[in-house]
Amino acid sequence: MLTAAGTHTIDFSAAAMRGAQQNPMVSVIIDGGAHDDVEHGSGFAHLREHWALASLRRMYGDRLVMCSAKTLQYQTELLLFVDSSAATPLDTIDWWQWTEGDLAHEVSVIDEEIVSAESEAVGCAFDRELPRRLGVYGPGTDWGYGHRALLHEWTVDSLAAAVQQTWGPRPTMFSTSTPEVVRWPRTANEAAHRDGTSGLETVATAAAGGHCPGPDTGRIAFCGWLFRYDEWHRAAELDDLATLMRLVVHDRPVAGLGPSRWEIRVSQFGERHVTRGADYLGVGISPDRELPAEEYRRLARRPLEQALSLLLNEIRAVRPGLMSALDRHRLFRCARLNQALPQRAIARNRAKVHDDVAHPDLRTTGRTESENLVLARSLAVLVEQMLATDPEVVPVGVRPR
C-alpha cells in the first residue's frame, strides 16, 4: 500500500510470525451500523464509516499501512494494519474536522461504489432489492450504500451532529490485535445436538405472502428465505445447506432448471454472527429469458426438492458419502479462514461481542459418522421447512450499462 514513505507490501503468509514486530493488525467492532439510517437518513452509516477511516488515517499517520471497513446492520467493522508498536488498544476516535470539500470527496467515492455495485444485475438483486423488501435496514433506508441523491444533502455540521448522537468520541468498541489472534485456541469439535428442530427455523416474511410493489416479471430474480436461530452451530448449518444446493445445481442434472445461471449464498454483507439471531439464504437466478415471479419461485424449489431427495437417501441408507463431501467443503472454508489473519481477527471480535469463545468459523476437526447422520437429518428438516414456506421473490429488470 502506498504511504508517505513509499510503497509498502504486507506479506500476509508471514504475518503470524512477524505481526507483533512489524505490522500489528487491529480489528475493531463498533456498536452502531446501518440501522442508524432509520433515524438519521439514507447513507448516514456508510458516510460515518468513511469519516471514521479518514479520522484513523489522521490519527495514525504514516504508521497506518492499510485500513478497511464494513458497515453491517448493527455493527461497523474496522481493520487496521499499523507499523511498529502503534497497535495499542483503541478506545476513542479523534474525529477529523472535515471541510465541505472533504465531505464532497467522500460522497463522490461512495457514488463510485454505488455505480460499481449496480453494474452487475444479479449482485444488485442480492444486495439491494431483497434486503429492502425483508426490512433488513428498516423503512426509509436504501440498502447499505446509501441513496445517491440524498447523500449530497449532508453537510459537515449535520453529519457531525448525527455522529455525536450515535458513536460520539468514545463509541462502544471491541478490539483484537495480531498477537491475540495468533494465540487463538483451537477448539475441539462440538458435541452433536440430538434435537434437530429447536435451534434453527424458517420464518415467513410479511412480503412473501402478499403482493410487493415492483415488477411482476424480471430478467433475473432473487428468492430468499429468512431464518431465526438461537445457537451459533445451528446457523453454521445454513452454510452446509448452501453448499449442498450448489452441488445440486452445478454438479447434478436437475430437471426443470433450464439454461440458467445460479448464485446461492447465505447472509448479507457478511452479517453472520452480528445480526442478533437472524440470517437468510438467497438463490439468485438468471435464466435465458424474462420470467414471472411465480416461475422463479417454482425454479427455486427444484434444487431444494433435489437436495431433500439426496438427504433422505443418505438417511435411509446410513451412507456418509454426501455429508462427508459437505464436511470437506467446510474444512476447506475453515482452513482458509484460519490462514487469513484478517478474517480470524474479525471472528475473534465477533465472538467477543457475543461472549462466545467457541466461534464456529474456527472449528478445524472433522465430523464423525454419527455427526454426519445428525446433520443430514437436521438439514432434511430445514429443507422441508423451506419447501413449506414461500420465499420472498424479487424480480429485477436489467438496465443497460
Side-chain angles (χ1 to χ4, degrees), residues 1-8 10 25-73 75-83 86-88 90-119 127-128 137 140-173 175 269 342:
M1 300 301 155
L2 190 63
T3 67
T7 302
H8 189 106
I10 296 178
M25 180 185 63
V26 181
S27 167
V28 180
I29 291 182
I30 305 177
D31 189 24
H35 76 287
D36 291 325
D37 284 15
V38 175
E39 180 177 353
H40 296 283
S42 174
F44 161 66
H46 191 185
L47 194 55
R48 179 183 58 188
E49 169 202 297
H50 279 238
W51 193 10
L53 284 179
S55 300
L56 291 170
R57 293 189 190 102
R58 295 272 293 195
M59 288 171 60
Y60 284 106
D62 292 343
R63 296 172 297 171
L64 185 60
V65 178
M66 183 180 71
C67 60
S68 63
K70 181 185 295 182
T71 295
L72 307 176
Q73 186 178 1
Q75 278 94 21
T76 302
E77 295 180 348
L78 309 175
L79 190 62
L80 316 174
F81 286 85
V82 186
D83 274 334
T88 56
L90 183 65
D91 64 351
T92 185
I93 294 180
D94 182 12
W95 293 101
W96 178 19
Q97 297 300 311
W98 272 2
T99 65
E100 293 296 339
D102 297 325
L103 177 59
H105 170 73
E106 293 302 324
V107 169
S108 68
V109 170
I110 294 176
D111 185 76
E112 293 175 0
E113 293 177 357
I114 294 174
V115 171
S116 176
E118 289 177 337
S119 64
D127 298 332
R128 184 171 190 166
Y137 303 120
T141 66
D142 187 6
W143 65 331
Y145 293 91
H147 189 280
R148 191 176 290 117
L150 297 178
L151 283 169
H152 287 272
E153 297 181 0
W154 284 96
T155 66
V156 172
D157 291 339
S158 64
L159 179 62
V163 169
Q164 290 298 320
Q165 292 180 42
T166 54
W167 282 3
R170 290 183 177 273
T172 303
M173 294 186 183
S175 61
F269 291 132

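Reckoned from all heavy atoms, side chains included, excluding hydrogens, waters and symmetry mates.
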Out of curiosity, His35 NE2 to Thr166 OG1, how far, rounded to the nearest 0.5 Å? 9.0 Å

Straight-line distance of Leu64 CG to Leu53 CG, nearest 0.5 Å: 9.0 Å

Contact summary for Ala45 and Ala34, nearest pair of heavy atoms: CB-CA, 3.7 Å

Smallest heavy-atom separation, Ser42 atom then His147 atom, equals OG-N, 3.0 Å

In this structure, CD of Gln164 is separated from CG of Leu159 (nearest 0.5 Å) by 10.5 Å

Side-chain contact, heavy-atom cut-off 4.5 Å: Leu72 with Glu77? yes

Once you round to the nearest 0.5 Å, how far does OH of Tyr60 lie from OG of Ser55? 12.0 Å

Who are the side-chain contact (heavy atoms from CB on, under 4.5 Å) partners of Gln165, not counting sequence neighbours? Glu39, His40

Would you indicate whether the side-chain heavy atoms of Asp102 and Glu106 approach each other to under 4.5 Å? no

So, Ser119 side chain and Ser116 main chain: donor-acceptor pair closer than 3.5 Å or not? yes

Would the distance check show the side chain of Glu49 and the main-chain N or O of Thr71 forming a donor-acceptor pair, the cut-off being under 3.5 Å? yes

Is the Trp51 ring parallel, tilted or perpendicular to the Trp95 ring (thresholds 30°, 60°)? tilted

Provide the closest heavy-atom pair for His50 versus Val109 in the form atom of the first, atom of the second, distance. CE1-CG1, 3.8 Å

Let me know which of Ile30, Thr76, Val163, Val28 forms a side-chain contact (heavy atoms from CB on, under 4.5 Å) with Pro171. Ile30

Rounded to the nearest 0.5 Å, what separation is found between the CG atom of Leu47 and the CG atom of Leu151? 6.5 Å

Would you please name every residue forming a salt bridge (charged side-chain N to carboxylate O under 4.0 Å, His left out) with Asp111, sequence neighbours left out? Arg148

Where do Ile93 and Ala52 come nearest, in terms of heavy atoms and distance? CD1-CB, 4.4 Å

Given Glu112 and Val115, is the side chain to side chain contact (heavy atoms under 4.5 Å, CB included) satisfied, shown in steps? CA-CA 5 Å; Glu112 293 175 0; Val115 171; 5.6 Å; no

Taking Thr172 for the side chain and Asp31 for the main chain, is one N or O donor matched with an acceptor at less than 3.5 Å? no

How long is the span from the CG atom in Leu79 to the NZ atom in Lys70, to the nearest 0.5 Å? 10.0 Å

Answer yes or no: is there a donor N or O on one side and an acceptor on the other, between the side chain of Ser158 and the main chain of Trp154, under 3.5 Å? no

Within the distance-only criterion (no hydrogens, no angle test), does the side chain of Glu100 pair as donor or acceptor with the backbone N or O of Val156 below 3.5 angstrom? yes

Using every non-hydrogen atom in the two residues, find where Ile114 and Tyr145 come nearest and quote the distance to one decimal. CG1-CB, 3.6 Å

Looking only at non-hydrogen atoms, find the nearest pair between Leu80 and Cys67 and report the distance. CD2-CB, 3.6 Å

